[in-house]
Amino acid sequence: MAGDISPSRTSSANVRWWAPWGNRRRVQDGPERDEPDVSASELLFAGVREYQGRTARLVRPILAELAFEQKPEHLFITCVDSRVVPNIITASGPGDLFINRNVGNLVPGFGSRTPDDSVAATVEYAIEVLGIRTITVCGHSNCGAMAALLAGGAEVAHLRGLTRWLRHGAHSLARFLASEPGEGDESPLARLCQINVMQQLDNLRSYPWLRARVEAGELELVGLYLDLETANVRVLDPAAEVFVPVPDEAPGGARTAGRPG
Ligand SMILES: [Zn+2]
């Protein structure tokens with residue numbers, strides 16, 4: 001996806017702007033050299049320097065165009081997990097995604113007993129102010145939040161804020177416990193991670209105004225699932241309640257406008 005603007009042409013073919021810092025250091029220093037102790041902030045600053053030196057000039061025209069108004073196509077709700085990088089898995093750029101990230105990609109349901117307005121505020125602003133017509137909930141495998149739910153929350157019981165937040169996943173856990181294992185060989189955790197996406201889409205529909213928009217065909221809800229081990233992204237087939245490969249582009253369908261082939 002880095003395509004023509006990748007800086008990799010001037011360096012190692014293994015280096016991309018989206019590679020983890022540690023990966024780049026290995027490539028640049030060679031595997032045989034001991035990695036020097038570098039603080040996290042030094043890594044951050046090195047990344048910013050690289051951005052300033054190589055990427056900023058490339059995105060400057062795009063950001064300058066967007067500087068005073070954003071028109072994202074999409075509200076993307078996903079987990080805080082560092083391995084989930086929304087712009088990579090959707091090949092999107094500045095201005096494309098309005099993103100809400102939280103522990104477990106949870107959407108507190110309408111009238112939830114544990115108050116939280118952060119997700120609702122994002123959804124309201126996205127739909128009512130920005131005019132966004134599609135909301136995606138994107139889950140992922142090996143989600144720590146889902147693992148904590150599956151384990152009954154004991155390991156995080158001393159973390160009061162997190163424990164309160166994870167109550168918003170109770171419906172996902174209940175749905176998981178009431179479900180039958182699928183035909184695949186997915187682990188219980190993977191199954192919960194996927195069921196959680198379905199449940200959070202239902203939680204979005206629990207808001208009467210939002211449900212009305214969906215039923216009127218004015219708003220589309222999408223479920224995505226990133227499998228970390230394979231790096232594959234699948235989309236929810238809501239009727240079958242399974243995640244399937246994203247369909248091929250329809251003949252004569254929408255082009256990926258604005259991106260060099
Ligand atoms: Zn997660």
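First listed ligand is number 1; within each ligand, the first listed atom is number 1.
- Excluding waters, the protein N/O/S atoms found under 2.8 Å from the Zn ion (ligand 1) are C79 SG, H140 NE2, C143 SG.
- Cluster membership check: L224 does not share its hydrophobic cluster with F243, using side-chain heavy-atom separations under 4.5 Å among Ile, Leu, Val, Met, Phe, Trp and Tyr.
- N203 and S206 share no donor-acceptor pair across their side chains, judged by distance under 3.5 Å alone.
- Summarising the geometry, atom NZ belonging to K71 is positioned 4.5 Å from atom CD belonging to E69; distances are rounded to the nearest 0.5 Å.
- Defined by atom type and a distance below 3.5 Å, a donor-acceptor pair is present between the side-chain atoms of R191 and S179.
- For residues 132-159, the set of pairs meeting the side-chain hydrogen bond (donor to acceptor under 3.5 Å, both in side chains) definition, not counting sequence neighbours, comprises H74-T136.
- Donor-acceptor pairing under 3.5 Å is recorded for the side chains of N87 and S92.
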